[in-house]
Amino acid sequence: MNKIIIAIDGHSSCGKSTLAKAMGNALGYAYISTGDMYRAVTLYFIENQVDMHDPEAVKAALGRIKLHFVADENGNRIHLNGRDVSEEIRKMHVAELVSPVAAIPEVRREMVHQQQEIGRQKGVVMDGRDIGTVVFPQAELKIFLTADVNERARRRYEELLAKGHPVDLEEVKKNLAERDRIDSTRADSPLRQAEDAVVIDNTNLNHEQQLELALDLVHLVF
Ligand code: DC
């Protein structure tokens, strides 16, 4: 069977990575959460005190950043210069800075280039904000995932608590709304629904229902 590219875009914390992973497993495809790449770059900027308003400093820093995805029993782990940062990048100090970092054109150019390289062989499910519009405008299937902001905040809150990160629900909700605002209004490749994307609102859907719906869409492509 021919392999295709599946692009999943949508708002923060609506379960894009969970769906991408489930689809990847069901289809035997690789899955890539591109948000992890922007988060890892943000972590590097924080740890190395890179001035994100200085394009030369940003460019030099990008030249020193090597990102790799390593699949293991815990899923797709992201390595920043050889270090597994998959846990660190989910913390609030990274979440608070990632949208401004992801709005920097030099950062986007480099990440999009790396994402296109990963998708060269097809057989990939990639989630993010601009996958169906900028990274793979020719993707065979585009899904735009969304959910009510209160529900999204509750899910992210539970997830952070379960991982042992003490957080405040209102703070999580504020961060989500602010990231949506920055992601949707930035000049360079803002979050928007591709014209040929299929919208799935998962506010009232569980994981199995979403996966079933998404796999039905895959079968429509063939
Ligand atoms: O999917 P996420 O919440 O882990 O993404 C983190 C941030 O990265 C989010 O605020 C927007 C940005 N991002 C982006 O601009 N483009 C992508 N393709 C993926 C994420």
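Treat the numbers as computed from the prediction; the structure is a model and nothing was measured. We count ligands from 1, going down the list as the structure has it; atoms in each ligand are counted the same way.
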Please indicate whether Q138 has more than 12 foreign heavy atoms, meaning atoms of other residues, nucleotides or ligands, lying under 6.0 Å from its CD.
->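 Check passes, neighbour count above 12.
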Count the heavy atoms of every other residue, nucleotide or ligand shown that sit under 6.0 Å from CD of Q209, and state whether that count exceeds 12.
->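 Atom CD in Q209 is crowded, with more than 12 foreign heavy atoms closer than 6.0 Å.
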Shortest non-hydrogen contact from R156 toward R179 =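 Taking R156 first and R179 second, the nearest heavy atoms are NH1-NH2, 3.8 Å.
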State, to 0.1 Å, how close S12 and D183 come at their nearest heavy-atom pair, and which atoms those are.
->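 For S12 and D183, the tightest heavy-atom pair comes out as OG-OD2, 3.9 Å.
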Atoms in ligand 1 with a heavy atom of [X] nearer than 4.0 Å:
X    : value
A102 : 12 (C), 15 (O)
R90  : 4 (O)
G128 : 17 (C), 18 (N), 19 (C)
D183 : 9 (C), 10 (O), 11 (C)

Can you tell which part of [X] has a heavy atom less than 4.0 Å from ligand 1: side chain, backbone, both or neither?
X    : value
R129 : both
R108 : side chain
H11  : neither

May I ask you to identify the nearest protein heavy atom to [atom], giving residue, atom name and distance to one decimal place in Å?
atom                    : answer
atom 3 (O) of ligand 1  : R179 NH1, 2.8 Å
atom 10 (O) of ligand 1 : S99 OG, 2.8 Å
atom 19 (C) of ligand 1 : T34 OG1, 3.3 Å

Between the main-chain N or O of L145 and the side-chain N or O of N202, is there a donor-acceptor pair closer than 3.5 Å?
->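 Checked: no pair found.
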Same hydrophobic cluster for Y31 and L215, using side-chain heavy-atom links shorter than 4.5 Å among ILVMFWY?
->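 Result: yes, single cluster for both.
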Mind checking whether [X] has an N or O less than 3.5 Å away from an N or O of ligand 1?
X    : result
D127 : no
R156 : no
S12  : no
Y38  : no

Calculate, to the nearest 0.5 Å, the distance between atoms CD and CE belonging to Q114 and M111 respectively.
->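 Answer for the CD-CE pair, Q114 versus M111, is 4.5 Å.
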So do V41 and I65 actually touch side chain to side chain, heavy atoms under 4.5 Å?
->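 Yes, their side chains come closer than 4.5 Å.
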Tell me, please, which residues at least two apart from T203 pass side-chain hydrogen bond (donor to acceptor under 3.5 Å, both in side chains).
->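 Partners of T203 under the side-chain hydrogen bond (donor to acceptor under 3.5 Å, both in side chains) test: D201.
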Per atom 18 (N) of ligand 1, closest listed option by heavy atom (L176, D130, D180, V134) |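 Checking each option, the heavy atom nearest atom 18 (N) of ligand 1 is found in D130.
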Identity of the nearest option to atom 6 (C) of ligand 1, non-hydrogen atoms only, from R186, K16, R39 |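 Looking at heavy atoms only, the winner is R39.
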Do the charged groups of E151 and R155 touch, with an N to O distance under 4.0 Å?
->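 The answer is yes: the pair qualifies as a salt bridge.
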